[in-house]
Number of protein chains: 2
Amino acid sequence: MARAQQHLGADTASRILDIGEELVQTRGFNGFSYGDVAADLKITTATLHYHFPGKAELGRALIARYAVRFFDALSAIDARHSGAPARLQAYVDLYATVLRERRLCLCGMLASEYNTLPEPMRDAVIQFFDENERWLTRVMEQGCETGALRLSGPAREAARMIVCGLEGAMLVARPYGDVARFQSAADCLLASVGVSTSLHPAPAR
Amino acid sequence: MARAQQHLGADTASRILDIGEELVQTRGFNGFSYGDVAADLKITTATLHYHFPGKAELGRALIARYAVRFFDALSAIDARHSGAPARLQAYVDLYATVLRERRLCLCGMLASEYNTLPEPMRDAVIQFFDENERWLTRVMEQGCETGALRLSGPAREAARMIVCGLEGAMLVARPYGDVARFQSAADCLLASVGVSTSLHPAPAR
DNA sequence: GTCTATAACGAGATAGAC
DNA sequence: GTCTATCTCGTTATAGAC
């Protein structure tokens, strides 16, 4: 099942998710409407309601897909990099890539709107941060054992600081349209756990 | 001029600003309406339009008042504390106080909505962050000279990391309803510039 | 699965009486 | 300065034809 129409343009549901994701990351969940998505896709809002009964359901689906993709990326980092410093650098790059598209982290954006979010979306946002924290904590612990990192406190607290710091760095850097501002804050954060970033993926000539 | 009606309940304009501020900090600029403010104040939206012609003007006024109050607080810190470590702790407390009321920094919230903000509000948000950075940079430089701080890079970059880190810590901690989560991230950030926070304003028994 | 048509509501805003 | 009344528009959502 689902074999044709795979090549140029996925099925409608995933195209809706693509546009919805972009809109939430750039304008926020309260900053876009079904009408915006429909216009972008040249379909009607009625079609939208066929695929996602309401905005809350669309929101849930957006977080679910984003989280899967994000944690897949974390698994890929585990597979490709072995040391804690390299893993942390790759983790930072995940965020930088999002910011380069002038977007915020989906869940960072939703965290700012948390009080106005439909209930089911709230839990999903929390879960996203929890899983980030778990992954980072593991990396931190490993780095401590091998001596690759120097932490002044518990691994869990360092992990939380990194998540908070990166989310905040995206938030503040975006209005300036300045990815370097994010990168410099991220470097500072990594330096504080003992990761030297002097040789950064040299900004292409 | 303006002498009566000062005691119980300020004039209408500032009561509008009070409610507006709370709504932006808790729900975001796109998450509240003139109707919400009017209902809270038991006035009509027409009255609101008399004091603030449109939502954009109300937004500008909100940032302006917030910024004045915030930078007054920074001056007060300069006056009351002399060492860089004490000043940084007091700076963190400014944020913690906001979060305890389950609010975000007004400009942190607006930064997340930056793309949807009326033009005049955007500049004001940027200015707020610039001034924060300037103040922190001065504190950092002073702390370096006296040897009270240990920075691994330029003072300006450390300042940016602190702003980003604190904004992000508020953002992430609020969904958890957990001020301790903020405090722990803040302590980590301060530790990274050489401020020891072992003896914190002990959480009342 | 996608459309047309339309309902039902809320938002920002204005005119003009008091 | 605050109100009532009203307007226009955007947003979410549904019924039913194709």
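Chain naming here is simple, since letters A, B, ... match the order of the sequence lines and numbering starts at 1 in each. Quick note: numbers below take in every heavy atom, side chains included, and nothing from hydrogens, waters or symmetry partners.
- Between B:L171 and A:Y114, every side-chain heavy-atom pair lies at or beyond the 4.5 Å cut-off.
- Taking a 4.0 Å limit (strictly below) on heavy-atom distances, residues 32-54 of chain B reaches DNA chain D at B:K42, B:I43, B:T44, B:A46, B:T47, B:Y50, B:H51.
- The shortest side-chain heavy-atom distance between B:T26 and A:T116 does not fall under the 4.5 Å cut-off.
- Listed by first and then second residue, the salt bridge (Lys or Arg N to Asp or Glu O under 4.0 Å) pairs involving residues 35-50 of chain B amount to none (not counting sequence neighbours).
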From CA spacing to verdict: salt bridge (Lys or Arg N to Asp or Glu O under 4.0 Å), A:D123, A:R60: CA-CA 10 Å; A:D123 304 331; A:R60 270 204 312 105; over 6 Å; no
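- One atom, CD of B:E57, and another, C1' of C:dA13, lie 12 Å apart when rounded to the nearest Å.
- Listed by residue number, there are no residues of residues 113-124 of chain B with a heavy-atom contact under 4.0 Å to DNA chain C.
- The only member of B:V193, B:L88, B:I162 that meets side chain to side chain contact (heavy atoms under 4.5 Å, CB included) when paired with B:V139 is B:L88.
- For the side-chain hydrogen bond (donor to acceptor under 3.5 Å, both in side chains) condition, the pairs that include at least one residue of residues 155-175 of chain A, sequence neighbours left out, are A:E133-A:R156, A:E133-A:R160.
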side-chain hydrogen bond (donor to acceptor under 3.5 Å, both in side chains) between A:S192 and B:S192: does it pass, once the steps are laid out? CA-CA 5 Å; A:S192 79; B:S192 80; 4.8 Å; no
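- Running 5' to 3' along DNA chain D, contacts with non-hydrogen atoms of chain B at under 4.0 Å begin and end at D:dG1 to D:dT4.
- Of the possible donor and acceptor atoms, one in the side chain of A:R122 sits under 3.5 Å from a partner among the backbone N and O of A:N115.
- Ring geometry for A:F70 versus A:Y91: interplanar angle over 60°, hence perpendicular rather than tilted (30 to 60°).
- Contacts of residues 18-28 of chain B with DNA chain C (heavy atom under 4.0 Å): none.
- Taking a 6.0 Å sphere around CZ of A:R69, one finds it holds more than 12 heavy atoms contributed by other residues, nucleotides or ligands.
- Separation of atoms CD (B:Q25) and CG (B:L99) is listed at 10.5 Å; rounding is to 0.5 Å.
- A 6.0 Å sphere centred on CZ of B:R134 holds more than 12 heavy atoms belonging to other residues, nucleotides or ligands.
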